[in-house]
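The next block holds one structure in the form of structure tokens; read it before the comments.
Everything numeric in this text was worked out from a predicted model, so none of it was measured. Just so it is clear, the values below take in all heavy atoms, side chains as well, and ignore hydrogens, waters and symmetry mates. Throughout, a chain's letter reflects where its sequence line sits, starting with A, and its residues are numbered from 1.
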2 protein chains.
Amino acid sequence: MQNNQFKKGELYSFITGQASTAIARRLQRKLNQAGVNITIEQWSVLYHLWKKHGLSQQELCHATFRDKPSITRLVDNMEKLNLVKRVPSENDRRINLVFLTKQGQKLEEQTMQLADQTLSEALKTVPASKIELCKEVLQIVYDNLK
Amino acid sequence: MQNNQFKKGELYSFITGQASTAIARRLQRKLNQAGVNITIEQWSVLYHLWKKHGLSQQELCHATFRDKPSITRLVDNMEKLNLVKRVPSENDRRINLVFLTKQGQKLEEQTMQLADQTLSEALKTVPASKIELCKEVLQIVYDNLK
DNA sequence: TTTGAATAGTTGTATAAACAACTATATGCA
DNA sequence: TGCATATAGTTGTTTATACAACTATTCAAA
């Protein structure tokens, strides 16, 4: 048999995203308590814009594993909240580049701290070596899914 | 390039559930292609009912990490599709026990096969030992989140 | 026994998601 | 150059979700 023969067990619930949604909800609560009125989905878009300013909506689709309509509406709502701004590309008029506003930039430090905290709490009893291994696996899974 | 910095990012995207939603969407597509017209969320409820018949809505909340209104509406829709049936508990009239219908039971074999396939594809290049480790970590995370 | 707290479930409202179908712009090849 | 095709983004529709506020039932303590 192949070396990836295994008993799947709790992995089925990985399909349904239970661990990640539970962690996400914790971060959401922390954000609300801190008076940051954004959704966790909006945070996930901001996260990629903090890493690289001026992503196209299509690039945001790939980065966040969402489809185009989802990104359209997320960016709609985030523009209303004055977190980001669409700027038509000069080279290609089909493309909207999405830029952070001052307000969107300002959220980075505060919310990344809360995200770190949230992850630390969820992983507090997990040895660091195992966390490293899990990261590797996640990376491989991402590559398989491209 | 420290692989450290790069891998840190992957854990933040774990918060936003990107790997699991991507895998879930693959299973969803397989279900549709096989002519099984249920959502992945409905599948996640069926999964727990296959393991134990007659769960209360509250138990389904804990099992699936969803809140009560979410389960109410999922069960609403699944009752319309004739996949499950609410049966008031005799001991405690506050409780609805949710039971599979014949049709709901019938989906187990076919869809679990597709779920196995989906997981195997996502994990095909991951050594079995690392998968085991990830399962351990997931279990610890679940316990931390209780 | 009564009453207040806890538990189980439902309804209202807003945001987010997937899929299909659409518009607009760019590209490539004959 | 011109037309088919590909790409970027939007709109319509249905389902799912979180949170808050609500009803109904049970439990527990005075």
Listing time: all N or O pairs from protein to nucleotides 3-7 of chain C that are below 3.5 Å?
residue	atom	partner	partner atom	Å
C:dT7	O2	B:Arg94	NH1	3.0

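In the hydrophobic clustering of this structure, B:Ile95 does not group with B:Leu74; members are Ile, Leu, Val, Met, Phe, Trp, Tyr whose side-chain heavy atoms approach within less than 4.5 Å, directly or through other members.
Of all the heavy atoms in A:Thr16 and B:Ser44, the pair that sits closest is CG2-CB, 3.2 Å.
Separating the CG atom of A:Asn37 from the P atom of D:dC19 is a distance of 13 Å, rounded to the nearest angstrom. A straight line from CG of B:Asp76 to P of C:dT11 spans 7 Å, rounded to a whole angstrom. The separation between A:Asp92 atom CG and D:dT7 atom P is 12 Å, rounded to whole Å. For the pair A:Arg86 CZ and D:dA8 P, the computed distance is 15 Å after rounding to whole Å.
Side-chain atoms of B:Tyr142 and A:Ser13 form a donor-acceptor pair, as typed in the model, at a separation below 3.5 Å. A:Ser56 and A:Asn96 are not linked by any side-chain donor-acceptor pair at a separation below 3.5 angstrom, with hydrogens and angles left out of the test. Side-chain polar atoms of B:Lys30 and B:Gln117 form a donor-acceptor pair below 3.5 angstrom. Of the N and O atoms on the side chains of A:Arg66 and B:Gln18, not one donor lies less than 3.5 Å from an acceptor on the other residue.
Salt bridge annotation for B:Glu121-B:Lys124: absent, with no cationic side-chain nitrogen under 4.0 angstrom from a carboxylate oxygen.
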Applying side-chain hydrogen bond (donor to acceptor under 3.5 Å, both in side chains), run through A:Ser89 and A:Asp92 and close with a yes or a no.
CA-CA 5 Å; A:Ser89 165; A:Asp92 186 335; over 6 Å; no

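Contact check, A:Asn91 against C:dA26: no side-chain N or O comes under 4.0 Å of OP1 or OP2.
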Can you check each nucleotide of nucleotides 14-22 of chain C against protein heavy atoms at under 4.0 Å and return B for base, S for sugar-phosphate only, - for none, in 5' to 3' order?
-SSSBBB--

